[in-house]
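Please read these numbers as outputs of a predicted model, since none were measured by experiment.
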Amino acid sequence: MKVILQQDVKGQGKKGQMIEASDGYARNFLLPRKLAVVATAENINTMKMQEKAKKAQEAAEKAEAQATAEKLSGITVKVPAKGGNGGRLFGAVTSKEISDCLKEQFGLDIAKTKIVQEEPIKAFGGYKLKVKLGYEITGTLSVMVVEA
């Protein structure tokens, strides 16, 4: 019996995939638990439309990530921080502070988890950080740490 999975089923397949399952397994396990629906012409059409919509959404998100990466390359974020003598900071500049300054200064909403810091920023000056925007797109962000 051909069925279309509504959820991921271990050992069978992923959500939205059409599989061939034995009649008893489909009738007694998959269908009553709403893990799958019978692969009728209408359900197959629905599955294809959902796949098409998902691909279109992914393409839009990828284009948005690319546009954000281009915006990031042309800006420098100024992060105010308190420091002592010798250009050292009290503490460190975190990715949350950088994310907040980005939103405040340029209106770009980038999650703190997407900003990659190899080592903590503990001194005044300019830094280049990577920003992972998803879909294997990374941008470069210029950060200038200034005295508050």
Side-chain angles (χ1 to χ4, degrees), residues 2-21 25-26 29-39 42-148:
K2 286 194 180 280
V3 294
I4 299 170
L5 297 176
Q6 298 294 323
Q7 296 177 12
D8 292 355
V9 178
K10 190 173 183 177
Q12 295 300 317
K14 301 274 184 195
K15 178 180 179 177
Q17 190 177 8
M18 186 171 13
I19 63 166
E20 180 70 41
Y25 181 65
F29 183 78
L30 295 174
L31 297 176
R33 288 180 171 78
K34 306 257 191 278
L35 297 175
V37 292
V38 178
E42 183 181 334
N43 289 339
I44 292 172
N45 272 348
T46 304
M47 178 185 74
K48 287 181 182 175
M49 294 298 280
Q50 287 173 345
E51 280 181 17
K52 195 183 240 184
K54 186 177 180 183
K55 285 182 182 176
Q57 181 183 1
E58 284 180 0
E61 288 174 358
K62 189 172 184 175
E64 185 180 328
Q66 191 69 43
T68 304
E70 289 173 11
K71 285 181 191 174
L72 286 177
S73 64
I75 62 174
T76 302
V77 180
K78 288 187 170 64
V79 180
K82 292 184 179 178
N85 50 352
R88 304 276 301 157
L89 298 177
F90 297 136
V93 175
T94 63
S95 55
K96 181 177 182 350
E97 292 174 39
I98 295 169
S99 176
D100 291 343
C101 288
L102 252 176
K103 189 167 190 168
E104 181 182 306
Q105 293 172 17
F106 299 100
L108 290 173
D109 192 17
I110 295 178
K112 67 178 183 176
T113 55
K114 293 184 178 187
I115 299 172
V116 179
Q117 289 181 290
E118 278 80 33
E119 70 248 358
I121 298 174
K122 294 188 174 188
F124 294 116
Y127 298 91
K128 296 270 188 200
L129 300 177
K130 278 187 180 177
V131 180
K132 292 186 178 179
L133 299 167
Y135 300 100
E136 298 175 4
I137 296 174
T138 58
T140 305
L141 176 64
S142 299
V143 177
M144 180 63 95
V145 181
V146 296
E147 195 163 351

Taking all non-hydrogen atoms of both residues, which atom of Ile137 and which atom of Ala69 are closest, and how far apart?
CG2-CB, 4.1 Å
Might you point out which heavy atoms bring Val145 and Ile121 nearest each other, and give the distance in Å?
CG2-CG2, 3.7 Å
Side chain proximity check, Leu72 to Ile110, heavy atoms < 4.5 angstrom
yes
From Tyr127 atom OH to Glu118 atom CD, the distance as rounded to the nearest 0.5 Å
12.5 Å
Taking every heavy atom of Gln117 against every heavy atom of Val93, the minimum-distance pair comes out as NE2-O, 3.3 Å
Start with the C-alpha gap between Lys130 and Thr140, add the side-chain angles, then the distance that decides, and say whether side chain to side chain donor-acceptor pair (under 3.5 Å) holds.
CA-CA 5 Å; Lys130 278 187 180 177; Thr140 305; over 6 Å; no
Ile19, Val9, Asp8 screened by side-chain contact (heavy atoms from CB on, under 4.5 Å) with Lys14, the one that passes:
Asp8
Taking atom NZ of Lys54 and atom CD of Gln57, what is their separation to the nearest 0.5 Å?
9.0 Å
Under the 3.5 angstrom rule, does the side chain of Gln105 hit a backbone N or O of Val77 as a donor-acceptor pair?
no
Smallest heavy-atom separation, Ala21 atom then Ala26 atom, equals CB-CB, 4.4 Å
More than 12 heavy atoms of other residues, nucleotides or ligands under 6.0 Å from CD of Glu136: yes or no?
no
Would you say that Tyr25 contacts Gln12 through its side chain, given a criterion of any heavy-atom pair below 4.5 Å between the two side chains?
yes
Residue that, paired with Thr68, satisfies side-chain contact (heavy atoms from CB on, under 4.5 Å) out of Asp109, Val131, Leu133
Leu133
Less than 4.5 Å apart, any side-chain heavy atom of Lys132 and any of Thr138?
yes
How close do Met47 and Gly16 get, counting heavy atoms only, and between which atoms?
SD-O, 3.0 Å
Check whether any side-chain N or O of Ser99 sits under 3.5 Å from a backbone N or O of Ser95 as a donor-acceptor pair, and report yes or no.
no
Is there a side-chain contact between Lys2 and Met18 (heavy atoms, below 4.5 Å)?
yes
Could you walk me through whether Lys15 and Leu5 pass the side chain to side chain contact (heavy atoms under 4.5 Å, CB included) test, one step at a time?
CA-CA 5 Å; Lys15 178 180 179 177; Leu5 297 176; 5.7 Å; no
Is there a side-chain contact between Glu58 and Lys62, using heavy atoms and a 4.5 Å cut-off?
no
Do Ile75 and Leu102 touch side chain to side chain, with heavy atoms closer than 4.5 Å?
yes
Mind listing the closest non-hydrogen atom pair of Lys128 and Ser142 along with its distance?
NZ-OG, 2.9 Å
What's the verdict on side chain to side chain contact (heavy atoms under 4.5 Å, CB included) for Leu141 and Ile98, showing C-alpha distance, side-chain angles and the deciding distance?
CA-CA 10 Å; Leu141 176 64; Ile98 295 169; 3.8 Å; yes
